[in-house]
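Could you have a look at this structure, given as structure tokens, before my questions?
To find a chain, count down the sequence lines: A is the first, B the second, and so on, and within it residues start at 1.
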Protein chains: 2
Amino acid sequence: MVKPNRNSTLAFALLGLIWQEPRSGYDLRKFFSSTPMISFSDSPGAIYPALHRLEQRGLVRGLVAEGLRRRRIFELTARGRAEFRRWQTQPVVRSDVVRNLDALMLRFAFMDQFAEKGAALRFLKAFHKELAAYIPSLRKYLKSNREYMPESGRLALENGIRAYETQLRWTKDAMATYGQTKGEG
Amino acid sequence: MVKPNRNSTLAFALLGLIWQEPRSGYDLRKFFSSTPMISFSDSPGAIYPALHRLEQRGLVRGLVAEGLRRRRIFELTARGRAEFRRWQTQPVVRSDVVRNLDALMLRFAFMDQFAEKGAALRFLKAFHKELAAYIPSLRKYLKSNREYMPESGRLALENGIRAYETQLRWTKDAMATYGQTKGEG
DNA sequence: GATCACATGTAAGAAGTTACATGATTCT
DNA sequence: AGAATCATGTAACTTCTTACATGTGATC
């Protein structure tokens, strides 16, 4: 049995975008298909049911827009904002680093807009810590097994390690950015 | 309606590992939980049903192992090998680069073992080409929108671009590795 | 007048998640 | 004897995918 009301990554992407500004399902589809958020599905069979679920759960409210075409503009409810913030400020855990990097980056992407000041920096520190703890375990595996691995398998693992290292460097650079901003403001 | 028999990424991971050597469901779970392939789920609720589907589709064959505990060791059928190879040597398409990098790397990871000589290099070339075509579109979006983006959103996008650039550099390095090997052999 | 973009929806099916369930064997 | 590990499974539920369906308004 699945825990009720655990919203999907797509659901949170929708909440974030709707919080930025009220949008229709069609707006959201177009946003996904025309920006780097194209990594989300823009299919109507994903978006519309997801919006209906969010509405049933009281996280968004759909308003029929006056205009020529039938169109529903969604906006966040207070519960929707609370739920989004709760998700966004959850601890950064290993399992997210290993299996859900995209969700982690989505949480960060909306940090400046919807979380309290300081949340972004706290997030980056926690993220950095988890990455720094995880990478050595990958290196260790590579070291112990490189001789028994086929070349393409080894290269694939090296690619994974590099990807995490890039992520690690990014967290440091991003932290520096926030440090600067603090000094300026 | 969904196309029948389109195996999931998990299904292909199972096929690849079973092709390496016959394994039980339990072996596969342990492999996922104890190696960098931990990005796959090791839950019995995912693995066992997936194995049953593969068996129903005639891609694997389960043999009851003699021994103390009841245990089923799976091995690939000829159809399983053909299906895996077909998947592995599919063209590298943009949509995989955008939404399914993991599957792409999984395909590559088994390339030396199960694909014909030269497949790895062809794969890397195609992968490189797609990455080189995709990255500028991300840069362009960043350039046009950076002033309207919140800082964390901009940083998240920069992270995505860096990740793809790292991937691109890796494809070049990996191609060089294969070039050398050719010279040696 | 036809085609394209706007706009929303549903149906069928696949596959994953969490949780529960069961029993054997080995270790302490 | 009790705990841990080996080993496999199912049930309920959620969400996604592909495909089909429908109608309006704008453009050529």
Side-chain angles (χ1 to χ4, degrees), chain A residues 1-15 22-34 38-57 59-60 62-74 95-96 98-100 102-103, chain B residues 1-15 22-34 38-57 59-60 62-74 95-96 98-100 102-103:
Chain A
M1 213 179 298
V2 146
K3 271 188 201 165
N5 282 14
R6 276 192 51 255
N7 296 296
S8 65
T9 304
L10 171 63
F12 285 112
L14 296 173
L15 289 175
R23 302 179 201 243
S24 69
Y26 193 78
D27 291 339
L28 291 159
R29 292 185 58 209
K30 288 296 122 179
F31 192 85
F32 286 146
S33 65
S34 66
I38 192 152
S39 54
F40 287 94
S41 170
D42 69 336
S43 95
I47 307 275
Y48 291 107
L51 287 169
H52 296 329
R53 285 192 298 271
L54 291 174
E55 193 167 35
Q56 275 165 24
R57 292 170 194 177
L59 306 181
V60 302
L63 305 165
V64 176
E66 82 290 348
L68 297 172
R69 291 199 183 82
R70 95 193 199 276
R71 205 158 171 261
R72 296 186 71 207
I73 309 291
F74 291 91
S95 67
D96 281 337
V98 175
R99 302 190 52 191
N100 228 356
D102 289 350
Chain B
M1 214 180 299
V2 146
K3 271 186 202 166
N5 282 16
R6 275 190 52 256
N7 296 296
S8 64
T9 304
L10 170 63
F12 285 112
L14 296 173
L15 288 175
R23 301 178 202 242
S24 69
Y26 193 78
D27 291 339
L28 291 159
R29 290 185 59 210
K30 288 296 123 181
F31 192 85
F32 286 146
S33 63
S34 66
I38 192 154
S39 56
F40 287 94
S41 170
D42 68 338
S43 95
I47 307 275
Y48 291 108
L51 287 169
H52 295 330
R53 284 192 297 272
L54 291 174
E55 193 168 35
Q56 273 166 25
R57 290 169 195 178
L59 306 181
V60 302
L63 306 166
V64 177
E66 81 290 347
L68 296 173
R69 290 200 183 82
R70 95 197 202 275
R71 206 157 170 262
R72 296 187 71 206
I73 308 291
F74 292 91
S95 67
D96 281 337
V98 175
R99 303 190 51 190
N100 228 357
D102 289 351

Which is it for V60(B) and L14(B) under the side chain to side chain contact (heavy atoms under 4.5 Å, CB included) test, yes or no, and what are the steps along the way?
CA-CA 10 Å; V60(B) 302; L14(B) 296 173; over 6 Å; no
Whole Å only: how far is the CG atom of L63(A) from the C1' atom of dT8(C)?
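It is 16 Å, rounded to the nearest whole Å.
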May I have the distance from L10(A) (atom CG) to dT17(D) (atom P), rounded to whole angstrom?
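Atom CG in L10(A) sits about 8 Å away from atom P in dT17(D).
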Distance in angstrom units between R6(A) CZ and dT17(C) C1', rounded:
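Checked: the CZ to C1' distance equals 8 Å.
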Checking contacts here: which listed nucleotide (dT18(D), dT17(C), dA15(C)) is nearest the side-chain heavy atoms of R99(A)?
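The nucleotide sitting nearest to the side chain is dT17(C).
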Could you check which of dT17(C), dA15(C), dT14(D) has an atom nearest any side-chain atom of R53(B)?
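Per side-chain heavy atoms of R53(B), the pick is dA15(C).
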Between D27(A) and R71(A), does at least one N-O distance fall below 4.0 Å, as a salt bridge requires?
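Salt bridge present between D27(A) and R71(A).
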What's the CD1-C1' distance between I47(A) and dT10(C), to the nearest Å?
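It is 16 Å, rounded to the nearest whole Å.
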Is the shortest side-chain N/O distance from S8(A) to OP1 or OP2 of dT14(D) below 4.0 Å?
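No, no such contact exists.
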Which distance, rounded to the nearest 0.5 Å, do you find between the OG of S24(A) and the OH of Y48(A)?
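Taking OG in S24(A) and OH in Y48(A), the distance rounds to 6.5 Å.
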How long is the line joining CG of D42(B) and C1' of dT5(D), in whole Å?
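These atoms are roughly 14 Å apart.
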Roughly how far apart are D102(B) CG and F40(B) CZ, rounded to 0.5 Å?
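Between atom CG of D102(B) and atom CZ of F40(B) there are 7.0 Å.
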How long is the span from the CZ atom in R23(B) to the NZ atom in K30(B), to the nearest 0.5 Å?
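These two atoms lie 14.0 Å from each other.
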What is the distance, to the nearest angstrom, from the CG atom on L51(A) to the P atom on dT8(C)?
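So the two atoms are 9 Å apart, to the nearest Å.
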Atom pair OH (Y26(A)) and CG (D42(A)), whose distance is rounded to the nearest 0.5 Å
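Y26(A) atom OH to D42(A) atom CG measures 10.0 Å (nearest 0.5 Å).
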Distance in Å, I73(A) CD1 paired with L63(A) CG, rounded so as to fall on 0.5 Å steps
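CG of L63(A) is found 8.0 Å from CD1 of I73(A).
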Short N/O separations, protein against nucleotides 6-10 of chain D, under 3.5 angstrom:
unit_1	atom_1	unit_2	atom_2	d
dC6(D)	OP2	Y26(B)	OH	2.5
dC6(D)	O5'	Y26(B)	OH	3.3
dC6(D)	O3'	R69(B)	NH1	3.2
dA7(D)	OP1	R71(B)	NE	3.3
dT8(D)	OP1	R72(B)	N	2.8
dT8(D)	OP2	Y26(B)	N	2.7
dT8(D)	OP2	Y48(B)	OH	3.1
dG9(D)	OP2	H52(B)	NE2	3.4

What is the separation between atom CG on L28(A) and atom P on dC6(C), rounded to the nearest whole Å?
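Atom CG in L28(A) sits about 14 Å away from atom P in dC6(C).
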Given atom CG of L54(A) and atom P of dT14(D), what is their separation to the nearest angstrom?
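Interatomic distance, CG of L54(A) to P of dT14(D): 14 Å.
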